Amino acid sequence: MDADQPLSLLAGLTPRQFMKRHWQKKPLLVRQAISGFKPLLDRASLFDLAGNEGVESRLIVHAAKGWTMRKGPFKRRALPPASQPNWTLLVQGVDLHHDGLHAMLQQFRFVPDARLDDLMISYATDGGGVGPHVDSYDVFLFQAHGERRWRISKQQDLSLVEGVPLKILANFEPEQELILGPGDMLYLPPGYAHDGVAQGECMTYSVGFRAPARGELARELLQRIAEDAEDAAGMVLYRDGAQQPVESPAAVPAALVDFAAQALQAVLADRDMLPRAMGEYLTEPKPNVWFDAPESAPAVRGGQALVLDRRTRMMHDARHVFINGESYRAAGRDATLMRRLADTRRLDTRDLAGASEDARSLLSSWLEAGWLHGD
Ligand code: SIN
Ligand code: CO
């Protein structure tokens, strides 16, 4: 994507300007981010998705006696009637189930894929919402249908109401009120307080970008590199020829702790292990994702274009390509080809013409797994 091309999606800013001025910093309201937008999923289809075992959904009702929250899947008759006000249904990961929604996400690829979480659709009846809250996500709130009134605040007081099933800010003090109609969009950085209330029936698409937490990354990566750690650190024995006699024999020698730290540093210094674990982790398919292998075993043929399945996650670094939790070392022309596939999510006939035997056989195995399709 051209970083210096002004986009109506970003109110005429270029991706570079948006990232510098707004990303992780301050909200941006975009009127007519996508003009003439037609909702991609109707109410009935969204409700059908929420009935699906493999789809994460929540129903939130704001009644006189307070907030209630239930987790899906929901049979249609388990949802309140559309004529009843003050309820909302949130359906996560809809981009995994619908080509048009997946295609919409592609417009946001000026942000690295590694940060993208998913597209959530919320349906709300008049007065419906999830209450004032903050998210740890960067989020683009795109109004797909109807109107929603957003009130936002950069307040520091993030204390929560106790005893409710949702994270609701106890002392919400809105500073700005914005009414979004179809095609409008609001970007909010993490930690920015907001409350969106439907004015009449409405649907909002939230494009969420997750920021991994350091502790979570450390745990995940250490688990992944644990198995190969012994090889990477090598068969080096602790030596303590300079050890003095001790008066406190139960004390752990500081030199042994230093030796342990050196062992970990040796593992981290391995050129391959950490980047590989990172790429495998980042491209791990979401829970509930499974791929449908095609019935007949396809092979990469001349004259054919290839596209990644919408559920496939593919990334690369300088030495590897990663796809759905697997990693491959790649160099030279094959690496260029695979990076193009990851970046553009497709390969044209021309791209494939120069592919090596190895690359073709890898692509064929991904076709067989249903990670890739002929186009
Ligand atoms: C909603 O769409 O109702 C909630 C989205 C959000 O506030 O993050
Ligand atoms: Co939110």
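This structure is a prediction, so every number in the text was calculated from the model and none was measured. For ligands, and for the atoms within them, numbers begin at 1 and follow the listed sequence.
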Using distance only, find each side-chain donor-acceptor pair of residues 4-16 under 3.5 Å and give its atom names and separation, not counting sequence neighbours.
residue: D4; atom: OD1; partner: R16; partner atom: NE; Å: 2.7
residue: D4; atom: OD2; partner: R16; partner atom: NH2; Å: 2.9
residue: T14; atom: OG1; partner: R16; partner atom: N; Å: 3.4
residue: T14; atom: OG1; partner: Q17; partner atom: N; Å: 3.0
residue: T14; atom: OG1; partner: Q17; partner atom: OE1; Å: 3.4

Atom pairs and distances, side-chain donor-acceptor, residues 37-44, under 3.5 Å, sequence neighbours left out:
residue: D42; atom: OD1; partner: S45; partner atom: N; Å: 2.9
residue: D42; atom: OD1; partner: S45; partner atom: OG; Å: 2.5
residue: R43; atom: NH1; partner: E201; partner atom: OE2; Å: 2.6

Does ligand 1 have an atom under 4.0 Å from some heavy atom of F142? no
Check the Co ion (ligand 2) and write out every protein N, O or S atom at under 2.8 Å, as residue and atom. H133 NE2, D135 OD2, H194 NE2
Distance under 4.0 Å to a non-hydrogen atom of W150: what atoms of ligand 1 satisfy this? 7 (O)
Quick one: look up the protein heavy atom nearest atom 2 (O) of ligand 1 and list residue, atom name and how far away it is. S122 OG, 2.7 Å
Is the shortest side-chain N to carboxylate O distance from E284 to R224 below 4.0 Å? yes
I'd like a table of donor-acceptor pairs (distance under 3.5 Å, sequence neighbours excluded) in which one partner is a side-chain atom from residues 265-279, with atom names and distances.
residue: D270; atom: OD1; partner: D272; partner atom: N; Å: 2.8
residue: D270; atom: OD1; partner: M273; partner atom: N; Å: 2.9
residue: D272; atom: OD1; partner: R319; partner atom: NH2; Å: 3.2
residue: D272; atom: OD1; partner: H320; partner atom: NE2; Å: 2.9
residue: D272; atom: OD2; partner: R276; partner atom: NH1; Å: 3.2
residue: D272; atom: OD2; partner: R329; partner atom: NH1; Å: 3.4
residue: R276; atom: NH2; partner: D228; partner atom: OD2; Å: 3.3

Identify, by atom number and element, the atoms of ligand 1 in contact range of H133, meaning under 4.0 Å from any of its heavy atoms. 6 (C), 7 (O), 8 (O)
Validation row, ring centre Y137 to ring centre F209 under 6.0 Å: no
All heavy atoms of Q199 vs all of R149, minimum pair found to be OE1-CB, 3.8 Å
Can a salt bridge be assigned to the pair K286 and D95 using a cut-off of 4.0 Å between side-chain N and carboxylate O? no
Looking only at side-chain N and O atoms, does T312 offer a donor or acceptor that is under 3.5 Å from a partner on N324? yes
Atom 8 (O) of ligand 1 [closest protein heavy-atom partner, distance rounded to 0.1 Å]: D135 OD2, 3.2 Å
Heteroatom proximity flag, T88 to ligand 1, N/O under 3.5 Å: no
So, are R346 and D375 salt-bridged, with charged N and O less than 4.0 Å apart? yes
Under 4.0 Å between a Lys/Arg side-chain N and an Asp/Glu carboxylate O for R311 and D309? yes
Less than 4.0 Å is my threshold; does some heavy atom of V139 fall inside it relative to ligand 1? no
Any nitrogen or oxygen of T204 lying under 3.5 Å from a nitrogen or oxygen in ligand 1? Just yes or no. no
With a 4.5 Å limit on heavy-atom distance, are the side chains of R148 and I179 in contact? no
Identify, by atom number and element, the atoms of ligand 1 in contact range of H194, meaning under 4.0 Å from any of its heavy atoms. 6 (C), 7 (O), 8 (O)
Which of the numbered atoms in ligand 1 are under 4.0 angstrom from any heavy atom belonging to R148? 2 (O), 3 (O)
